[in-house]
A.B. asks: 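The structure's right below; bear with me while I get my questions together.
Read the numbers this way: they start at 1 and go in the same order the structure lists the ligands and their atoms. Computed from a prediction, not measured in an experiment: that's the story for all the values here.
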Amino acid sequence: MTDTTSTTHYDAVVIGAGFAGMYMLKKLRDDLGMKTQVYERGSGVGGTWFWNRYPGARCDSESYIYCFSFDDDLLQEWNWSGKYPEQPEILTYLNHVADRFDLRNEIQFNTSVTAAHFNDDTGLWEVETDQGDRVTAQYVVTAIGCISTGQVPQIPGLDSFEGDWYHTGAWPHDGVEFEGKRVAVIGTGSSGVQSIPVIARESKHLTVFQRTPQYTIPARHETVDQEFLKEVKANYTEIMQKSKVSAAGMPYEFSEKSALEVSDEERTATYEALWQKGGFNFLFGAYADISTDRRANDTAAEFIRGKIREIVKDPETAEKLLPRDHPFASKRALIDTNYFDTYNRDNVDLVDIRHFPIEEITPTGLRTADGEEYEVDTIVFATGYDAMTGTFFNIDIKGREGRELKEKWHGGPTTYLGLATADFPNMFMITGPQSPSVLSNMPVSIEQHVEWIADFVEYLREHAIDVVDADPQAEVEWVQHVSDIADQTMYMLADSWYLGANIPGKPRVFMPYAGGVGPYRERCDEIAAAGYEGFNMSEAKEPVLAD
Ligand code: NAP
């Protein structure tokens, strides 16, 4: 593809400048002295937080742990204002990080990588962008996010719609005016559940089109308690350490009790206390077997259904909102601010599209399969993403002997540790498929991957190894392990994006690693200590050095 004699050569090309790409750049450039180029399709840093500017967008991890932990001064100097950080605050934080560590010079914005081909003869990657860049690199690191390729369902007639429509993950930077508008929101996942209460307040009328009712727990969002923050800062090292060895990258207390070993009264009291406390405490703090035992899970599910019946005043609407077809937390667990209360508003209607799907978008609104027409001015697609693999497939990635990644993964992604995939040498994936990633507090998993990759690259350089590739057998064993762990969980019992079920035709394969952040880290460390077991290493035929 690229003429290697006339192109710029880098030690590493990093794709994406969100949390992952920024920290990877810092490690490679500052700790390893590598000539590194980052390409970012946005006009600024931030990744998912650059794009997701929909009303109500905020993180479900508490702010004091949704940040980098690699720099003590950064931890001490940054003051979060929201208990759960809102999108603008996270984006401000990431811009601060970019400035503080002087990262912008090596980031080329408004640039999408279109192709990355491994050249078997030179042992180098040849990378092309939509801005006409053609460069070579010894390493390619993907920092492309797990949920970064939005999906707008193929509903006939969208082109004919005379109003405005938006996807939550590509929100206009100057906002959307809802005042006086009749709005449709399609989708009730994380993005829908966060945006619906805000759009309901701002618009004249809101119709929510719901395919699957959701379990969601009140977040109990508030401004950060300054006393709490002071205490956190005094104990940051321990808090971050606890997060790193925990199941989900959060320093919460995890219950070890079974939901089935306590009386009904005790169980209800526990659920009630955690419902009042809010956030992920309900999921982690209640009972250990909620995510592995259906009967235990049913107790939590029934408690939440009871809450929905209590909160939503119209019994017919409440009935439509009751999740019954999947266990609690088998789809991405949700936390919310006034979600169920929103359905008590006079200007909000709920339409069940499980039984009567949207058949057509007309010039003036939507028509469902029962023949009902809904006139709207604005449609918001909160319909999710082609997660985990979609963004990889948007890039023409070819490994050894021209093998296409898309072809290799046509039956589902196969990786070694979610960090590498056999036949794609010197390519590392930050929070790739089959690593804990989306089942964890992302910055914790990102830091672990970035540091592990940087250590590995340092090792390779010290040992004069130019080309490294995941061993196919090690990969087969890891993929099997990921699948065995998933089979023991409730995740297999829902149609979720974790399983690719939201994308027509996508193979039904559970993509993240459900074995926990702590055990995963331990395994990665053992592999490193054993001389990077499961990787094949060799010298390049024609090594090329960056200037
Ligand atoms: P999502 O969880 O995939 O939810 C998409 C919603 O759209 C679901 O209700 C889905 O219904 C519905 N939908 C999809 N295709 C449809 C179709 N053809 N017709 C009708 N309805 C359709 O997407 P998301 O809410 O954008 O969230 C994606 C992930 O991003 C989250 O799970 C989370 O990991 C992350 N996220 C996090 C936050 C946060 O931290 N607070 C906020 C936003 C996003 P079904 O359920 O029936 O498929």
A.B. asks: Check whether T421 reaches the backbone of T414 with its side chain - one donor and one acceptor, N or O, closer than 3.5 Å.
C.D. replies: yes
A.B. asks: Among all protein heavy atoms in this structure, tell me which lies nearest to atom 30 (O) of ligand 1, with the distance rounded to 0.1 Å.
C.D. replies: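 Going by distance alone, atom 30 (O) of ligand 1 is nearest to I147 CD1, 3.5 Å.
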A.B. asks: Among all protein heavy atoms, pick out the one at the shortest distance from atom 32 (O) of ligand 1; state its residue, atom name and that distance to 0.1 Å.
C.D. replies: W497 NE1, 2.9 Å
A.B. asks: Which ligand 1 atoms are under 4.0 Å away from a heavy-atom of Q151?
C.D. replies: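 Those atoms are 14 (C), 15 (N).
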A.B. asks: Below the 3.5 angstrom mark, is there an N/O of T188, backbone or side chain, next to an N/O of ligand 1?
C.D. replies: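 Such a contact does occur with ligand 1.
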A.B. asks: Is it the case that the side chains of D370 and H355 hold a donor-acceptor pair, with the cut-off being a distance below 3.5 Å and no angle test?
C.D. replies: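 Checked: H355/D370 side chains show no N/O donor-acceptor pair below 3.5 Å.
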A.B. asks: Could you list the atoms of ligand 1 found under 4.0 angstrom from a heavy atom of I353?
C.D. replies: 20 (C)
A.B. asks: Check whether any side-chain N or O of S63 sits under 3.5 Å from a backbone N or O of G82 as a donor-acceptor pair, and report yes or no.
C.D. replies: yes
A.B. asks: If we count only N and O atoms by modelled type, under 3.5 Å, do the side chains of E62 and Y252 hold a donor and an acceptor together?
C.D. replies: yes
A.B. asks: Starting from atom 44 (C) of ligand 1, which protein heavy atom do you reach first, and at what distance in Å?
C.D. replies: S190 CB, 3.5 Å
A.B. asks: Do any nitrogen or oxygen atoms of R58 come within less than 3.5 Å of a nitrogen or oxygen of ligand 1?
C.D. replies: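 Yes, R58 has an N/O under 3.5 Å of an N/O on ligand 1.
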A.B. asks: Give me the nearest non-hydrogen protein atom to atom 24 (P) of ligand 1 as residue plus atom name, then the distance to 0.1 Å.
C.D. replies: S191 OG, 3.3 Å
A.B. asks: Quick one: nearest non-hydrogen protein atom to atom 11 (O) of ligand 1, plus distance?
C.D. replies: R211 NE, 3.6 Å
A.B. asks: Counting from 1, what ligand 1 atoms have a heavy atom of Y54 closer than 4.0 Å?
C.D. replies: 42 (C), 43 (C)
A.B. asks: Measuring centre to centre across the rings, with the benzene-like ring taken for any Trp, is W478 within less than 6.0 Å of Y513?
C.D. replies: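 Yes - the distance between ring centres of W478 and Y513 falls below the 6.0 Å cut-off.
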A.B. asks: For atom 37 (C) of ligand 1, what is the nearest protein heavy atom, given as residue, atom name and distance?
C.D. replies: R332 NH2, 3.5 Å
A.B. asks: Have a look at N52, D60, V152 and point out the one with the heavy atom closest to atom 41 (N) of ligand 1.
C.D. replies: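 The option holding the nearest heavy atom is D60.
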A.B. asks: What are the atoms of ligand 1, with element, lying closer than 4.0 Å to any heavy atom of C59?
C.D. replies: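 Result: 40 (O).
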A.B. asks: Starting from atom 18 (N) of ligand 1, locate the nearest protein heavy atom and write down its residue, its atom name and how far away it is, to 0.1 Å.
C.D. replies: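 In this structure, atom 18 (N) of ligand 1 has P153 CB, 3.2 Å as its nearest protein heavy atom.
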A.B. asks: Around atom CZ of R324, are there more than 12 heavy atoms of other residues, nucleotides or ligands at under 6.0 Å?
C.D. replies: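 Enclosed: over 12 neighbouring heavy atoms sit under 6.0 Å from CZ of R324.
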A.B. asks: Hey, does F50 have a side-chain heavy atom less than 4.5 Å from the side chain of F109?
C.D. replies: no
A.B. asks: Run the numbers for me: atoms of ligand 1, each under 4.0 Å from some heavy atom of G384, listed by number.
C.D. replies: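 With G384 as reference, the close atoms of ligand 1 come out as 3 (O), 5 (C), 23 (O), 26 (O).
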A.B. asks: Examine the proximity of ligand 1 to T212 and report which part, side chain or backbone, both or neither, has a heavy atom under 4.0 Å away.
C.D. replies: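 For T212, backbone and side-chain atoms both sit under 4.0 Å from ligand 1.
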A.B. asks: Report yes or no: do T188 and Q214 form a side-chain donor-acceptor pair below 3.5 Å?
C.D. replies: no
A.B. asks: Verify the distance criterion only: is there a donor paired with an acceptor across the side chains of D325 and T212 at less than 3.5 Å?
C.D. replies: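 Checked: D325/T212 side chains show no N/O donor-acceptor pair below 3.5 Å.
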A.B. asks: For the residue pair N441 / K244, report whether a side-chain donor-acceptor contact shorter than 3.5 Å exists.
C.D. replies: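 Side chains of K244 and N441: no pair found under 3.5 Å.
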A.B. asks: Can you tell me how the ring of Y491 sits relative to the ring of F510, calling it parallel under 30°, perpendicular over 60° and tilted otherwise?
C.D. replies: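 Plane angle under 30°, so parallel.
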A.B. asks: How close does the nearest protein non-hydrogen atom get to atom 4 (O) of ligand 1, and which residue and atom is it?
C.D. replies: G189 CA, 3.5 Å
A.B. asks: Classify the contact between Y498 and ligand 1 as side chain, backbone, both or neither, using a heavy-atom distance cut-off of under 4.0 Å.
C.D. replies: neither
A.B. asks: Can you check whether N502 has an N/O within less than 3.5 Å of an N/O in ligand 1?
C.D. replies: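 Looking only at distances, the answer is no, because the N/O contact criterion of under 3.5 Å is not met.
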A.B. asks: Verify side chain to side chain contact (heavy atoms under 4.5 Å, CB included) between S435 and I430, making sure each step is shown before the conclusion.
C.D. replies: CA-CA 9 Å; S435 71; I430 303 175; over 6 Å; no
A.B. asks: Decide whether S148 and T391 meet the rule of one side-chain donor and one side-chain acceptor closer than 3.5 Å.
C.D. replies: yes
A.B. asks: Does an N or O anywhere in Y385 fall below 3.5 Å from an N or O of ligand 1?
C.D. replies: no
A.B. asks: Using heavy-atom distances, let me know which of G192, A501, A382 sits nearest atom 6 (C) of ligand 1.
C.D. replies: A382
A.B. asks: Between K331 and ligand 1, is there a nitrogen or oxygen pair with a distance under 3.5 Å?
C.D. replies: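 Yes; at least one N/O pair falls below 3.5 Å.
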